[in-house]
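Notes follow once the structure below has been shown.
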Amino acid sequence: MKAIVYTSKAGHTERYARMLSKSTGLPAYSLAEARSVLPKGEEIFYMGWVMAGTISGIRQAAKWYQVRGVAACGAYAPDPEATRQMRVNCGVAEDVGLFYLQGGIDYKKLHGLNRWMLLYMSKMMGEKLEAKPQRTAAEEEMLRTLKEGGDFVLAKNLNEIEGWMKARQANEL
Ligand SMILES: Cc1cc2nc3c(=O)[nH]c(=O)nc-3n(C[C@H](O)[C@H](O)[C@H](O)COP(=O)(O)O)c2cc1C
């Protein structure tokens with residue numbers, strides 16, 4: 001793979017992309033930037049923020065580049081079933097590595113329709129959680145995040161992707 005290409009609205013995915021760039025030595029470009037510096041057809045690792053169960057920008061990225069691996073960065077805690085569904089929703093082939101990274105919610109960095117949509121989704125999900133007679137610690141944390149925002153970007157969340165990249169590189173040698 002030649003580069004990491006990302007799409008980010010509130011900065012979580014961009015921060016993950018920069019951390020992954022540092023640990024792997026691959027350059028990281030936003031999708032808009034990449035179009036002018038990275039030739040069409042290059043092999044990339046794509047990172048996009050999750051929007052209503054889909055990975056933003058992935059279809060545009062796949063039109064220009066050979067996407068070999070994908071990371072979806074969303075607000076919710078990792079859920080393998082939701083990630084599998086994202087693969088289907090976004091037409092990510094089975095031989096392309098797909099990973100989920102928990103980003104967070106930063107209402108201050110969102111505007112217009114995106115902010116409105118996320119507030120609406122958070123309200124719906126929050127009401128569902130509040131209606132539960134008992135909540136786990138993780139559910140309490142999610143409820144707080146939905147109301148106030150929260151940041152879950154951690155370097156250790158990239159361990160699985162870094163391991164996958166290393167193994168892939170070793171196979172190519
Ligand atoms: C319109 C909208 C829809 C979203 N839908 C989802 C979703 O379906 N699942 C999820 O986990 N997060 C969802 N989120 C939350 C973002 O994916 C999350 O805040 C992520 O960290 C944003 O990454 P960014 O900071 O790089 O933009 C949504 C956010 C917005 C604004």
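Every heavy atom of this structure was used, including side-chain atoms; hydrogens, water molecules and symmetry mates were not. Just so you know, ligand 1 is whichever comes first in the structure, and atom 1 is the first atom listed for that ligand.
- The shortest non-hydrogen separation linking Gly57 to Thr7 is CA-OG1, 4.2 Å.
- Protein heavy atom in closest approach to atom 30 (C) of ligand 1: Trp49 CZ3, 3.5 Å.
- Of all heavy-atom pairs spanning Ile58 and Ile55, the tightest one is CG2-O, 3.2 Å.
- Near Gly103, the atoms of ligand 1 lying under 4.0 angstrom from a non-hydrogen atom of the residue are 21 (O).
- Neither the backbone nor the side chain of Arg115 has a heavy atom within less than 4.0 Å of ligand 1.
- When each atom of ligand 1 is checked for a heavy atom of Gly53 under 4.0 Å away, the hits are 7 (C), 8 (O).
- Those atoms of ligand 1 with a heavy atom of Lys9 less than 4.0 angstrom away are 24 (P), 26 (O), 27 (O).
- When the heavy atoms of Gly74, Ala82, Gly150, Gly104 are ranked by distance to atom 19 (O) of ligand 1, first place goes to Gly104.
- Residue Leu118 has no nitrogen or oxygen atom sitting less than 3.5 Å from a nitrogen or oxygen atom of ligand 1, judged on distance alone.
- Heavy atoms only, all atoms of each residue included: Leu38 and Tyr65 are closest at O-OH, 2.9 Å.
- Under a hydrophobic clustering in which Ile, Leu, Val, Met, Phe, Trp and Tyr are joined whenever their side-chain heavy atoms come within less than 4.5 Å, directly or via other members, Tyr120 and Met51 fall into different clusters.
- Of all the listed residues (Cys73, Ala75, Ser122), Ala75 holds the heavy atom that lies closest to atom 10 (C) of ligand 1.
- Within ligand 1, the atoms closer than 4.0 Å to a non-hydrogen atom of Thr13 are 23 (O), 24 (P), 26 (O), numbered from 1 in the order shown.
- Residue-ligand proximity, Ala52 to ligand 1, at heavy-atom distances under 4.0 Å covers atoms 3 (C), 4 (C), 5 (N), 6 (C), 7 (C), 8 (O).
- More than 12 heavy atoms of other residues, nucleotides or ligands sit less than 6.0 Å from atom CD of Gln85.
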Between side-chain atoms of residues 96-108 and protein atoms elsewhere (two or more places apart, or another chain), which donor-acceptor pairs fall under 3.5 Å?
{"unit_1": "Tyr100", "atom_1": "OH", "unit_2": "Gly74", "atom_2": "O", "d": "3.4"}
{"unit_1": "Tyr100", "atom_1": "OH", "unit_2": "Tyr76", "atom_2": "N", "d": "3.2"}
{"unit_1": "Tyr100", "atom_1": "OH", "unit_2": "Tyr76", "atom_2": "O", "d": "2.5"}
{"unit_1": "Gln102", "atom_1": "NE2", "unit_2": "Ala75", "atom_2": "O", "d": "3.1"}
{"unit_1": "Asp106", "atom_1": "OD1", "unit_2": "Lys108", "atom_2": "N", "d": "3.2"}
{"unit_1": "Tyr107", "atom_1": "OH", "unit_2": "Ser122", "atom_2": "OG", "d": "2.9"}
{"unit_1": "Tyr107", "atom_1": "OH", "unit_2": "Leu146", "atom_2": "O", "d": "2.5"}

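- Given atom 13 (C) of ligand 1, the protein heavy atom at minimum distance is Val50 O, 3.3 Å.
- Salt-bridge annotation for Glu162 and Lys166: absent, with no side-chain N of the basic residue lying under 4.0 Å from a carboxylate O of the acidic one.
- Within the 4.0 Å heavy-atom criterion, both parts of His12, backbone and side chain, lie near ligand 1.
- Contact record, Arg68 with Trp164: O-CH2, 3.4 Å, taken as the closest heavy-atom pair.
- Residues Val153 and Met19 form a side-chain contact, since some pair of their non-hydrogen atoms from C-beta on lies under 4.5 Å apart.
- The nearest protein atom to atom 31 (C) of ligand 1, hydrogens excluded, is given as Asn114 O, 3.4 Å; this is a heavy-atom distance.
- The contact set between ligand 1 and Met117, taken as ligand atoms under 4.0 Å from a residue heavy atom, comprises 1 (C).
- Between Lys9 and Glu14, none of the side-chain N atoms (NZ, or NE/NH1/NH2) sits under 4.0 Å from a carboxylate O, so this pair counts as no salt bridge.
- Taking only nitrogen or oxygen atoms, main chain and side chain alike, Thr7 does not reach within less than 3.5 Å of ligand 1.
- Linking ILVMFWY residues whenever their side-chain heavy atoms come closer than 4.5 Å, directly or via other members, leaves Met124 and Met117 in distinct clusters.
- Residue contact check: Met51 has heavy atoms under 4.0 Å from atoms 3 (C), 4 (C), 5 (N) of ligand 1.
- Residue Tyr100 places a heavy atom under 4.0 Å from ligand 1.
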